[in-house]
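Below you'll find the structure, written out as structure tokens, and then a few comments.
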There are 2 protein chains.
Amino acid sequence: MGVAERKAREKEELRDLILRAARKLFTENGIEQTTIRNIAEAIDYSVGTVYVYFRNKDAILHALHSQGFGMLASYFSVLASVADPMERLRAMGRIYIKFGLENRDMYELMFSTKAPMTFLCATDQPEWDEGKATFTALSSTVAQCLEAGHFAGHSLQPLSFMFWSLVHGMCSLEISQRTQGVNLTDPSAIVDQAYTEFLKLLDHF
Amino acid sequence: MGVAERKAREKEELRDLILRAARKLFTENGIEQTTIRNIAEAIDYSVGTVYVYFRNKDAILHALHSQGFGMLASYFSVLASVADPMERLRAMGRIYIKFGLENRDMYELMFSTKAPMTFLCATDQPEWDEGKATFTALSSTVAQCLEAGHFAGHSLQPLSFMFWSLVHGMCSLEISQRTQGVNLTDPSAIVDQAYTEFLKLLDHF
DNA sequence: TTTTATTTTGAACGTTGTTCATTTTATTTG
DNA sequence: CAAATAAAATGAACAACGTTCAAAATAAAA
């Protein structure tokens, strides 16, 4: 009976091997170099083997996208030490932006690329667990801000989504290269400046 | 001497024909159905002919992206009648969102897809005229708000970019299907609700 | 009419994601 | 241990993609 367990473990190991190769290709050369053939070649297996362990490319991209949320969580881990909810909210945005700009391809995969969502829809599982958890983390911080008397008269979910949209918009525009060629005084600093500007607005609440 | 002129006109006409077919395929079936072969087939020309009039696919997508900015400008045209800069700023955001959600594929092409920017870089023309014009339109409205005494102590460019990021973030998250599966009370209304929430924040400035 | 210039063609190339009959390897059974 | 069975790995093949380019078709000029 130890055989079935070993088989299962070996299956899991090869799955991980594929994923590690995919991740390496992905982080080093971007998504366009992350092809099934490149992955297979990197681990000395055939193309067909990859399809034994993953239904299709979307499944691989979804797995990578999940790893990305693990990375984001570790970025967020320092927030535990920030007691004041407003301060934590501010720090959360900074860290989110930092993560996005330090892991551009990964960020794109997590929040822009359609593949991970397509994969979820294809598996009839309309629950985006990783996104849900992250949004909940933001939302609970905002809830604490509301409880502390900030943002009087505002609703939790729309307010939280507004914060998310703001930092996501900055990352997205920067990553998709929309900040260049718009005649900004300092294109490379605009995201930081704009977020600082937003924090100034927040001082009134 | 009329020959050269007619030739030039015919060349322009075929170019437009290609572009119209591309646009039709694009708006009706999305970007994935807009292939060179589909375009060529739609106008009863061969694949090679398309490449006589456009360097590559990025060039076609860039031309479509430019048309998108024309559409956005016509959405914005009603803003001319709004005298108060703050009110115009608010309306601008609403219209921007409306445009984005009513023309999702086009919006993606204009503000997310890399192709149009790649095309610009390839032609050694680092000026994104369409984006520049649109950002300037926003920026000048924000400038008028500043002159009217709003947003005291804030800087023009970062503040403008912050507004842009906010509405872009909402459109982007919605279009890339990140608002579904996050356990929102009303996913379909979250963008409107969040923007309304933002307008409430603006009331203090 | 012949020569030259322009425009159009579509087969061909290299990639891509994906499939699946076949082979190889491992396990179980007699 | 050998034969039968199950599982895993293979890689050729398919369709579709963007792209190229020598050749053919057409138009203009001589």
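Reckoned from all heavy atoms, side chains included, excluding hydrogens, waters and symmetry mates. Because the structure is predicted, anything quoted here is derived from the model rather than measured. Lettering follows sequence order; numbering is per chain, from 1.
- Toward the 5′ end of DNA chain C lies the nearest nucleotide of Q33(A), the other residue of the pair T49(A) and Q33(A) mapping further downstream.
- Side-chain N/O atoms of Y45(A) and Y53(A) include no donor and acceptor closer than 3.5 Å.
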Evaluation steps, side-chain hydrogen bond (donor to acceptor under 3.5 Å, both in side chains), between T185(A) and Q157(B):
CA-CA 8 Å; T185(A) 312; Q157(B) 278 192 1; 3.1 Å; yes
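- Between T49(A) and S46(A), the side chains place a donor N or O and an acceptor N or O closer than 3.5 Å (distance only, hydrogens not considered).
- As judged by a 4.0 angstrom heavy-atom cut-off over every strand, I39(A) is placed among residues making no nucleic acid contact.
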Pairing string, 5' to 3', for DNA chain D - Watson-Crick or wobble contacts under 3.5 Å, brackets [ ] where pairs cross, | to another strand
||||||||||||||||||||||||||||||
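- Applying a 4.0 Å cut-off to non-hydrogen atoms, the residues of residues 40-47 of chain B that approach DNA chain C are Y45(B), S46(B), listed by residue number.
- Residue-environment remark: CD (E41(A)) stays at or below the threshold of 12 foreign heavy atoms within 6.0 Å.
- Ring-centre distance between F163(A) and F198(B): not below the 6.0 Å cut-off.
- Between W128(B) and F69(B), the ring planes are perpendicular. Angles over 60° get that label, and only those under 30° would be called parallel.
- Side-chain atoms of Y107(A) and E102(A) include no donor-acceptor pair closer than 3.5 Å.
- If you check the side chains of E108(B) and T113(B), you find no donor sitting under 3.5 Å from an acceptor.
- Nucleic acid contact for I60(A): none, since no nucleic acid atom lies under 4.0 Å from a heavy atom of the residue.
- Rounded to whole angstrom, the span from the NZ atom of K57(A) across to the P atom of dG17(C) amounts to 4 Å.
- dG17(C) atom P lies 10 Å from atom CD1 of I31(A), rounded to whole Å.
- Atom-to-atom, CD1 of I36(A) to P of dA12(D) comes out at 18 Å; the value is rounded to the nearest Å.
- Taking atom OH on Y51(A) and atom P on dG17(C), their separation rounds to 6 Å, with Å as the unit.
- Along DNA chain D, the nucleotide nearest Y53(A) and the nucleotide nearest R55(B) are compared for position; the residue whose nucleotide lies closer to the 5' end is Y53(A).
- Nucleic acid contact class of F54(B) (heavy atoms, under 4.0 Å, all strands): none.
- Atom CG of L61(B) is separated from atom C1' of dG18(D) by 12 Å (rounded to the nearest Å).
- Within 4.0 Å (heavy atoms only), T35(A) reaches sugar-phosphate atoms of the nucleic acid but no base atom.
- Neither side chain, R88(B) nor S81(B), offers a donor N or O lying under 3.5 Å from an acceptor on the other.
- Listed nucleotides dA12(C), dT19(C), dT10(D) differ in distance to R37(B); the shortest reach to its side chain belongs to dA12(C).
- Separating the CD1 atom of I18(B) from the P atom of dT7(C) is a distance of 13 Å, rounded to the nearest angstrom.
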